[in-house]
Amino acid sequence: MKKLISSLALIGATIANAHFLTFLPSTDNVNSKEQSTVKFEAMFIHPFEQTGMTMEKPEGIYLENKKEKLSLKEVSKFEHKAWETTYKIKRPGVYKFFVQPEPYFEPAEEKFISHVPKSIISAYAMEDGWDEAIGLKYEIIPMVKPFSLYAGNIFSGKVLHNGKAASNVEVEVELYNEFGLKAPSDTHITQVVKTDENGNFSFVMNHKGWWGFAALIEEGEKEYKGKMYPIENGALIWIKAY
Amino acid sequence: MRILFFLLFISATLFAHKLNLFLDFKDEKLYIYSYFNSGAPCKNCKVELLDKDDKLVKSLQTDENGEYLLADYKDISCIRVEAFGGHATRGKIDIQNKEEETPITKEDSFLESIIAIILIILIFLGLKRVKK
């Protein structure tokens with residue numbers, strides 16, 4: 001009975017915690033030909049707890065504003081369907097990649113989830129343009145250079161909605177916890193900060209690793225089995241702290 | 001004091017941007033590209049071609065885009081780029097990492113032409129027989 005209760009509690013906690021569309025490149029700094037083929041993993045998971053969910057085939061993984069669509073390969077991450085791709089960087093530059101997923105219906109929350117994560121890579125020490133938007137409907141613009149941060153640094157970002165600053169928006173933050181860290185309570189798993197009147201937010205990354213920032217904006221509706229449900233749109237960015 | 005302040009200001013400006021060098025192969029030529037972190041190219045900057053003993057073989061200049069395409073690099077081991085004010089960077093030529101360019105496959109147009117002519121003749125003969 002105790003086992004059953006603890007299992008149910010664990011399931012409950014897992015559902016309660018945030019799911020992130022996690023989009024991780026093999027590196028955020030390409031400095032040599034050996035690193036130039038960057039591998040990307042796109043998975044729908046709970047990053048801190050390291051548990052997976054099924055991610056249906058996304059519409060695509062793109063370089064910059066759909067300039068190039070990358071090929072998709074189905075893989076398994078955390079025992080669930082996920083996606084992988086590679087891109088060969090040939091020239092110095094700042095490269096921005098993003099995933100455009102298919103909206104996913106979450107029955108427990110009675111809403112559709114459409115998270116669009118992006119990842120910014122500097123190639124051969126070029127740093128120009130990291131603070132420029134791709135032009136996504138919901139987007140986080142880094143306000144600090146995103147590919148050279150240490151653990152303990154502040155990450156600041158600006159949330160844009162249709163190109164305009166989005167104020168009073170909740171930004172969920174989670175560490176991709178490949179270190180086996182234990183949270184003191186369930187509420188510590190997903191950190192939450194809010195944007196100010198200019199759409200800005202800040203967060204101190206207190207541990208090395210990949211950090212996901214998800215600005216959540218509920219807007220629009222989509223039909224599921226004859227009923228309309230709201231869509232939770234997420235502007236995501238993944239940042240590595242060294 | 002003013003001179004000291006001026007010199008400090010100048011030196012601070014000099015170190016504000018790091019000069020980078022990117023070497024690659026393009027159309028059987030060595031592609032030399034020098035740029036600052038900000039993305040600005042190193043325009044008309046001095047390029048020194050050095051041999052395996054680090055001796056100067058030749059001096060060149062990058063163009064307005066910070067680029068130079070070097071056709072003959074067989075005796076060159078190292079490239080050094082110098083910008084105004086003493087910014088400099090250098091890089092080794094990595095022939096090992098030279099990617100094989102996809103050979104341009106030429107279609108055998110002569111053979112294709114012959115096959116096409118034979119096909120036309122066969123169709124012509126076939127039609128003639130049908131008419132008879």
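Every value quoted in this text rests on a predicted model; they were computed, and no experiment measured them. Labels below follow one simple rule: chain letters A, B, ... track the order of the sequence lines, proteins then strands, and each chain is numbered from 1.
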### Contact class of B:L23 relative to chain A, heavy atoms under 4.5 angstrom
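Only the backbone of B:L23 comes within 4.5 Å of chain A.
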Those residues of residues 33-49 of chain B that come under 4.5 Å of chain A on a heavy-atom basis, listed by number, are B:Y33, B:Y35, B:F36, B:N37, B:S38, B:G39
Taking a cut-off of under 4.5 angstrom between non-hydrogen atoms, the residues of residues 51-78 of chain B near chain A are none
Does [atom1] belonging to [X] count more than 12 external heavy atoms closer than 6.0 Å?
{"X": "A:K208", "atom1": "NZ", "value": "no"}
{"X": "A:K57", "atom1": "NZ", "value": "no"}
{"X": "A:E79", "atom1": "CD", "value": "no"}
{"X": "A:Y150", "atom1": "OH", "value": "no"}

To the nearest 0.5 Å, atom CD of A:E127 lies from atom CG of B:N20 at 8.0 Å
Taken to the nearest 0.5 Å, the spacing of A:K90 NZ from B:F22 CZ works out to 10.5 Å
